[in-house]
Amino acid sequence: MCKQRIVIKVGTNVMTNKDNRIVKPVLDRLVKQIAELYERDIMTILVSSGSAIAGKEVLGKSKIKDKTVRRQVYSSIGQPRMMRLYYGIFHDYGLKCAQVLPTKRDFSPGIHRQNMINCCEGLLSEGVIPIANEDDAVSVTMSMFSDNDELASLIAQLINADKLIILTDIDGLYTGHPDAASSDLVKNVDPEEDLDKYIQENTKAEGEGRGGMGSKLDYAQQTAANNIPTYIANGKKDNTIIDIIDGKSVGTKVSL
């Protein structure tokens, strides 16, 4: 019987360099921490972005004009590449992983939602780490999540997780631009707090992920309102996940 169950979401910007190429050592550090949690009887569901950028890295510039179809193609090519990377790294740490590709309808009340619960609970009971990502190959319009921050929030609520950790490429929420000397890290946020004054405009390019800090905070507050403490922290730094589990002051904590 595991002591805790946590959901970790890792964004595209965490796992790529400035040239938008997947950096395997970053994934290795991530899995190493998940393996350490496993030894502590803490089970993880990993929500991982990266399939679109991984597919773009393989295919190069696509000739497809339609942006939605282009995203479907990049993701279809990139998803098996991401899973091959994860499978090899998890295997190196003596762990098993599995792929879960939901769409938004899988969280609606009814048979689809129950199937998602059964799948996640079954994998966790067998000591297998579920790796979830939106099924971008078929998930369009009404069946799309706004981004993987929403998916991570929904999964955390679905399994009644003890914590949700959203990993990004900055230390958390700042009072201004993260690079500005006058900006301070906001360490604690209430689920009902109005954070619009802190939000910077999202200027991500295609393939870099759809979410920004505004999205992360929206879903962090929704999750925390359901009594699941949520953290936004820097996934590029060593030991971020373990530090959070150990109760250290890391990133921005959103909680009641």
Side-chain angles (χ1 to χ4, degrees), residues 7-23 25-27 29-30 33 46-54 56-57 67 71 133-134 144-153 156 163-225 228-245 247-256:
V7 176
I8 298 170
K9 184 263 180 174
V10 56
T12 301
N13 286 354
V14 175
M15 62 180 69
T16 54
N17 62 15
K18 65 178 183 178
D19 298 319
N20 282 335
R21 298 184 68 84
I22 303 290
V23 181
V26 174
L27 302 182
R29 288 199 301 271
L30 172 67
Q33 292 177 85
L46 178 62
V47 178
S48 175
S49 303
S51 62
I53 207 77
K56 191 174 184 180
E57 193 175 324
K67 187 176 180 180
R71 181 175 66 86
N133 187 19
E134 180 171 11
M144 282 179 68
F145 301 101
S146 63
D147 49 53
N148 271 344
D149 300 316
E150 182 183 15
L151 173 58
S153 173
K163 289 180 178 65
L164 168 61
I165 299 173
I166 299 174
L167 297 176
T168 184
D169 59 347
I170 58 175
D171 289 345
L173 173 66
Y174 281 84
T175 55
H177 192 283
D179 295 333
S182 59
S183 293
D184 295 317
L185 181 67
V186 180
K187 293 192 174 182
N188 293 285
V189 168
D190 186 272
E192 300 298 325
E193 192 172 343
D194 184 356
L195 303 171
D196 287 348
K197 59 187 175 183
Y198 298 137
I199 305 305
Q200 304 292 320
E201 185 178 353
N202 182 8
T203 56
K204 291 183 179 180
E206 183 180 18
E208 291 183 6
R210 301 197 299 275
M213 183 55 71
S215 169
K216 288 170 178 52
L217 287 164
D218 283 346
Y219 293 115
Q221 288 183 299
Q222 288 180 34
T223 311
I228 301 172
T230 301
Y231 301 79
I232 301 172
N234 195 328
K236 286 186 177 288
K237 291 186 174 179
D238 291 340
N239 236 40
T240 295
I241 298 166
I242 301 299
D243 286 345
I244 289 172
I245 297 300
K248 297 180 181 178
S249 179
V250 177
T252 298
K253 181 181 181 181
V254 187
S255 64
L256 292 169

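- A distance-only check finds no donor-acceptor pair linking the side chain of Ser183 to the backbone of Pro178 [under 3.5 Å].
- The two residues Ser255 and Pro191 make their nearest non-hydrogen contact at O-CD, 3.2 Å.
- With a 4.5 Å cut-off on side-chain heavy atoms, Ile170 and Met213 count as touching.
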Checklist entry - What's the verdict on side chain to side chain contact (heavy atoms under 4.5 Å, CB included) for Glu57 and Asn20, showing C-alpha distance, side-chain angles and the deciding distance? => result CA-CA 8 Å; Glu57 193 175 324; Asn20 282 335; over 6 Å; no
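- Note that NZ of Lys163 and CD1 of Ile245 are 5.0 Å apart. Values are rounded to the nearest 0.5 Å.
- Between Ile228 atom CD1 and Thr223 atom OG1 the span is 6.0 Å, to the nearest 0.5 Å.
- Only one option out of Leu173, Val254, Leu195 pairs with Val186 in a side chain to side chain contact (heavy atoms under 4.5 Å, CB included); it is Leu173.
- Remark: Lys216 NZ to Thr230 OG1 distance equals 13.0 Å, nearest 0.5 Å.
- Here the CG-NZ distance, from Asn133 to Lys9, works out to 10.0 Å after rounding to the nearest 0.5 Å.
- Across Ile232, Val47, Ile244, Leu30, a single residue satisfies side chain to side chain contact (heavy atoms under 4.5 Å, CB included) together with Leu167, and that is Leu30.
- With values rounded to the nearest 0.5 angstrom, Asp243 atom CG is found 10.5 Å from Ser249 atom OG.
- A heavy-atom distance below 4.5 Å is not found between the side chains of Gln222 and Glu150.
- Side chain of Ser153 to backbone of Asp149: no donor-acceptor contact under 3.5 angstrom is found.
- If you take OH on Tyr231 and CG on Leu164, they are separated by 10.5 Å, rounding to the nearest 0.5 Å.
- Here the shortest heavy-atom pairing between Gly50 and Thr12 reads N-OG1, 3.5 Å.
- The two atoms that bring Leu46 and Val10 nearest to each other are CD1-CG1, 3.9 Å, heavy atoms only.
- Distance alone, capped at 3.5 Å, is enough to place a donor-acceptor pair between the Gln33 side chain and the Thr240 backbone.
- What you find for Leu256 and Ala224 is that their closest heavy atoms are CG-O, 3.5 Å.
- Between Ala156 and Val7, the closest heavy-atom pair is CA-CG2, 3.7 Å.
- Listed for the Asn17 side chain is a donor-acceptor partner under 3.5 Å among the backbone atoms of Arg21.
- For Lys236, the NZ atom counts as densely surrounded, since its 6.0 Å shell holds more than 12 non-hydrogen atoms of other residues, nucleotides or ligands.
- For the side chain to side chain donor-acceptor pair (under 3.5 Å) criterion with Ser49, the lone passing option out of Asn148, Asn13, Thr16, Asp147 is Asn148.
- Here the shortest heavy-atom pairing between Thr252 and Val189 reads CG2-CG2, 3.7 Å.
- Within the structure, salt bridge (Lys or Arg N to Asp or Glu O under 4.0 Å) pairs that include any residue of residues 179-195 do not occur (at least two apart or interchain).
- Partners of Thr168 under the side chain to side chain donor-acceptor pair (under 3.5 Å) rule, at least two apart in sequence or in another chain, do not exist in this structure.
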